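Heads up, the thing below is written out as structure tokens.
Just follow the structure's listing: the first ligand is 1, and inside any ligand the first atom is 1. These numbers were taken from a predicted model, which means no experiment stands behind them.
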Amino acid sequence: MQVVVPFSATDPKTRLADVLAPDERREFSLAMLEDVLSAIRATGQEPRVLTTSSIDIDAPQTVDSRPLTPAVNDVLAEGEPTEPTAIVMADLALATPEVLEQLFSTAGDVVLAPGRGGGTNALVSRHPDFRVDYHGTSYLDHCRIAGDVGASVVEVDSHRLATDVDESGDLAEVLMHSDGAACKWLRKAGFSLSVTEGRVEASREQRIEEKNR
Ligand SMILES: Nc1nc2c(ncn2[C@@H]2O[C@H](COP(=O)(O)OP(=O)(O)OP(=O)(O)O)[C@@H](O)[C@H]2O)c(=O)[nH]1
Ligand SMILES: C[C@H](OP(=O)(O)O)C(=O)O
């Protein structure tokens, strides 16, 4: 199986801009990528990163500056017809080898791990004609596309794979359910769990320069 991890290197995680500065978003994205690559390697697979520009990581990488959908569709089109392809997003900071193994070993022409909010956080394609169409309700779109090419679809129901880290509310999930590089990065940056009106959230201690203003 080829396992490909798409990664946006230039201006990643813009939806976290309310809580993280641009450099911090880049660092935090790389920490999540590190966690995802480690979890994939622990399943025995060797991941390849599909990145928008060259990055300094210890993993094979392919640079493709085009948007996500055409870049991934080229990977699917160029794969060996007999070899399954897995696409695993780089912002799955809660991913473990166990849930990835479940994804990789689930039988089906197209195996989808939906994200909360309509996305497709990870998939395996064993069908030569399956293609992706990311963003919006991509989970529903991928079910339809699979149906159109006559591919069977199986869903993997996993909290860890459903939790992609997009918005500030998702940071609490990382602090609660991970102890990897992304969690450590958040703690070092001053984030911790707090409970406000019965809701758990990740709040950040005031930075020293702000306190001194
Ligand atoms: N290769 C590649 N990967 C992408 C691209 N856009 C997003 N990704 C990756 O695809 C996954 C899902 O990304 P999104 O959450 O939709 O986008 P994001 O750039 O991480 O965050 P936002 O700017 O907040 O939308 C993450 O692993 C991203 O790093 C792209 O244009 N090319
Ligand atoms: C790539 C996109 O991610 P989201 O924008 O849902 O995080 C999707 O899964 O379609």
Open item on the list: Among L123, V124, V36, which residue satisfies the side-chain contact (heavy atoms from CB on, under 4.5 Å) criterion with V88?
Closed with: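 That would be V36.
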Quick test: of every protein heavy atom, which one is nearest to [atom], and how far off is it to 0.1 Å?
atom	answer
atom 27 (O) of ligand 1	A90 N, 2.8 Å
atom 11 (C) of ligand 1	M89 SD, 3.5 Å
atom 6 (O) of ligand 2	G119 CA, 3.7 Å
atom 9 (O) of ligand 2	T120 N, 2.8 Å
atom 3 (N) of ligand 1	F7 N, 3.3 Å
atom 20 (O) of ligand 1	K13 NZ, 2.9 Å
atom 17 (O) of ligand 1	R15 NH2, 4.1 Å
atom 1 (C) of ligand 2	L68 CD2, 3.5 Å
atom 29 (O) of ligand 1	S8 N, 2.8 Å
atom 5 (O) of ligand 2	R15 NH2, 3.4 Å
atom 8 (C) of ligand 2	S138 OG, 3.4 Å
atom 23 (O) of ligand 1	T14 OG1, 2.5 Å

Task: Location of contacts on R66 toward ligand 1, heavy atoms closer than 4.0 Å - done: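 Contact part for R66 vs ligand 1: backbone (N, CA, C, O).
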[X] heavy atoms, cut-off 4.0 Å: which ligand 1 atoms fall inside?
X	value
D166	15 (O)
P67	31 (O)
T52	2 (C), 30 (C), 31 (O), 32 (N)

Task: ligand 1 contacted by E167 (non-hydrogen, < 4.0 Å) - done: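 Heavy atoms of E167 never come under 4.0 Å of ligand 1.
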TODO: Report yes or no: does D91 have a heavy atom closer than 4.0 Å to ligand 1?
DONE: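 Yes.
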Task: Residue D166 vicinity, atoms of ligand 2 by number, heavy atom under 4.0 Å - done: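 Taking each heavy atom of D166 in turn, ligand 2 has 7 (O) under 4.0 Å.
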Open item on the list: I need the atoms of ligand 2 closer than 4.0 Å to a non-hydrogen atom of Y134, numbered in the order shown.
Closed with: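 Those qualifying, in numeric order: 1 (C), 8 (C), 9 (O), 10 (O).
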Open item on the list: Quick check: D164 and ligand 2, any N/O pair under 3.5 Å apart?
Closed with: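 It does: an N or O of D164 is found under 3.5 Å from an N or O of ligand 2.
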Task: Polar proximity ligand 2 side, N121 side, N/O cut 3.5 Å exclusive - done: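 Between N121 and ligand 2 (N or O atoms, distance only) the closest approach is not under 3.5 Å.
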If we only count N/O pairs under 3.5 Å, is [X] in contact with ligand 1?
X	result
D64	no
L50	yes
D11	no
P6	yes

Working to the nearest 0.5 angstrom, can you tell me the gap between [X] [atom1] and [Y] [atom2]?
X	Y	atom1	atom2	result
R126	T85	CZ	OG1	10.0 Å
F191	E205	CZ	CD	10.0 Å
D11	R25	CG	CZ	4.5 Å
M1	T43	CE	OG1	8.5 Å

Min side-chain heavy-atom separation [X]-[Y] under 4.5 Å:
X	Y	result
M32	L92	no
V72	L76	yes
I55	L33	yes
F130	D109	no
Q2	E46	no

For atom [atom1] of [X], is the number of surrounding heavy atoms from other residues, nucleotides or ligands below 6.0 Å larger than 12?
X	atom1	answer
E83	CD	yes
D148	CG	yes
D157	CG	no

Open item on the list: We want to know whether R48 and Q61 form a side-chain donor-acceptor pair, criterion being a heavy-atom distance below 3.5 angstrom.
Closed with: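 Note: R48 and Q61 side chains miss the donor-acceptor criterion.
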Task: Polar side chain donor-acceptor pair, T120 to S138, under 3.5 angstrom - done: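 Short answer, yes.
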Open item on the list: Tell me whether atom 3 (O) of ligand 2 lies less than 4.0 Å from at least one protein heavy-atom position.
Closed with: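 No, no protein heavy atom sits under 4.0 Å from atom 3 (O) of ligand 2.
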Open item on the list: Please state which option from V36, T51, L33, L68 has its nearest heavy atom closest to atom 4 (C) of ligand 1.
Closed with: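 Looking at heavy atoms only, L68 sits closest to atom 4 (C) of ligand 1.
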TODO: Spell out, as yes or no, whether a donor-acceptor pair under 3.5 Å connects the side chain of K13 to the backbone of S8.
DONE: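 No; judged by distance alone, with no hydrogens or angles, the pair does not exist.
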